[in-house]
Amino acid sequence: MAPPPAPQTMKERILETADKLFYLQGIRAIGVDTIAAEIGISKRTLYNHFPSKDALIAAYLERRFVQPRPSDKPPAEQILATFDSLERRFAAKDFRGCPFVNAVAELGPADRAVKKIAIAFKESRRTWFRDRLNELGVANAEALATQLVLLVDGSIAQDLVRDDPAMARAAKEAATVLLRNAGVTVGDQTTVKRGKRPARHP
């Protein structure tokens, strides 16, 4: 049997509670007193772990900064699977959009710390797309990676307005067109670079 999970530290409890409340109700709407009351601790205890609300906001966003898991699937399949994941996320009752975009929209571009984390996250996603495109041998991987990120962000915005997970499917269809226009053959089972013939074996 696997050992039981280690109990959460107070810092982890504070951050998990802040994550839930900030994401679902908004950063400006939630004060540190609300977070402390939700856990059943004093504000002083909270400040012992996070010296300010700004520090807690930064920790919340860094907690959300999760890199995609490594995969053995073909690169194009990984790219398109991004939109499948989005569709599943859109269908969840607790989906409230991109936490990084939400944070910048709430706090404004003048909050440089928040904007810096948001830019780093968005760039990491764009770089991930670019790396997969480079694996496929796409000529202008930088530009196409940017276009794919725009499809991701656009589908998120459309779902928030329409409450329709099918927006991710539409974005996936557009991404498929972009990949094919870039010379990638997207099949049901395999994905190969157009123009390259498979090696013949004796």
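All residue numbers in this chain count up from 1 along the given sequence.
Considering all non-hydrogen atoms of both residues, Ala76 and Val184 come closest at CB-CG1, 4.2 Å. What you find for Leu160 and Arg96 is that their closest heavy atoms are CD2-C, 3.7 Å. The two residues Ala36 and Leu46 come nearest to each other via the heavy atoms N-CD1, 4.1 Å. Residues Asn102 and Gly97 approach most closely at ND2-C, 4.0 Å, considering heavy atoms. Nearest approach of Gln78 to Lys73, heavy atoms of both residues: NE2-O, 2.7 Å. In plain terms, the two heavy atoms of Met167 and Asp159 that are nearest each other are CG-N, 3.9 Å.
The main-chain N or O of Glu106 is found under 3.5 Å from a side-chain atom of Arg28 such that the two form a donor-acceptor pair. Remark: side-chain polar atoms of Glu135 are not paired, donor with acceptor, to backbone N or O of Pro75 under 3.5 angstrom.
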Checking side chain to side chain donor-acceptor pair (under 3.5 Å) for the pair Ser124/Thr127: CA distance, chi angles, key distance, verdict? CA-CA 5 Å; Ser124 76; Thr127 300; over 6 Å; no
Under the criterion salt bridge (charged side-chain N to carboxylate O under 4.0 Å, His left out), I'd like the reasoning laid out for Arg130 against Glu142: C-alpha separation, chi angles, the key distance, then a yes or no. CA-CA 6 Å; Arg130 183 200 65 195; Glu142 291 283 355; 3.3 Å; yes
For Glu123 and Arg126, what are the C-alpha separation, side-chain angles and deciding distance, and is it a salt bridge (charged side-chain N to carboxylate O under 4.0 Å, His left out)? CA-CA 5 Å; Glu123 181 60 17; Arg126 194 191 72 83; 2.9 Å; yes
Go through the steps for Val32 and Phe50 under the test side-chain contact (heavy atoms from CB on, under 4.5 Å), then give the verdict. CA-CA 10 Å; Val32 292; Phe50 297 95; over 6 Å; no
Could you give me the CA-CA distance, side-chain angles and deciding distance for Ile41 and Met10, then say whether side-chain contact (heavy atoms from CB on, under 4.5 Å) is met? CA-CA 10 Å; Ile41 60 175; Met10 179 54 67; 3.8 Å; yes
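With Ile27 as the fixed residue, the side chain to side chain contact (heavy atoms under 4.5 Å, CB included) test singles out one of Ile57, Leu56, Leu21: Ile57.
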Exercise answer: donor-acceptor pairs, residues 110-120 side-chain atoms, under 3.5 Å, sequence neighbours excluded:
| from | atom 1 | to | atom 2 | distance (Å) |
| --- | --- | --- | --- | --- |
| Asp111 | OD1 | Val114 | N | 3.3 |

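One distance of note links CG of Leu61 with CZ of Arg64; it measures 9.0 Å at 0.5 Å rounding. Here the CG atom belonging to Leu179 is positioned 5.5 Å from the CG atom belonging to Leu80, to the nearest 0.5 angstrom. Separating the CZ atom in Phe22 from the CG atom in Leu15 is a distance of 9.5 Å, to the nearest 0.5 Å. Summarising the geometry, atom NZ belonging to Lys172 is positioned 13.0 Å from atom CG belonging to Leu148; distances are rounded to the nearest 0.5 Å. Once rounded to the nearest 0.5 Å, the distance linking CG of Leu151 with CD of Gln158 reads 11.5 Å. Once rounded to the nearest 0.5 Å, the distance linking CD1 of Ile14 with CG of Asn48 reads 8.5 Å.
For Arg63, the CZ atom is densely surrounded, since the number of other residues' heavy atoms within 6.0 Å is greater than 12. Remark: Asp163 CG is loosely packed, at most 12 non-hydrogen atoms of other residues, nucleotides or ligands lying under 6.0 Å away.
A salt bridge links Glu87 to Arg169: at least one charged side-chain nitrogen sits closer than 4.0 Å to a carboxylate oxygen. Electrostatic pairing of Arg13 and Glu16 does not count as a salt bridge here, judged by no charged N lying under 4.0 Å from a carboxylate O. Ion pair Arg89/Asp94 flagged as a salt bridge, since at least one NZ, NE, NH1 or NH2 atom sits closer than 4.0 Å to an Asp/Glu carboxylate oxygen.
Within the structure, the ring-ring contact (aromatic ring centres under 6.0 Å, His included) test picks out the following pairs touching residues 115-138 (sequence neighbours left out): Phe65-Phe121, Phe100-Phe121.
Considering only heavy atoms from C-beta on, Thr34 comes within 4.5 Å of Ile30 through its side chain. Lys20 is not listed as a side-chain neighbour of Gln25, based on a closest heavy-atom distance of 4.5 Å or more.
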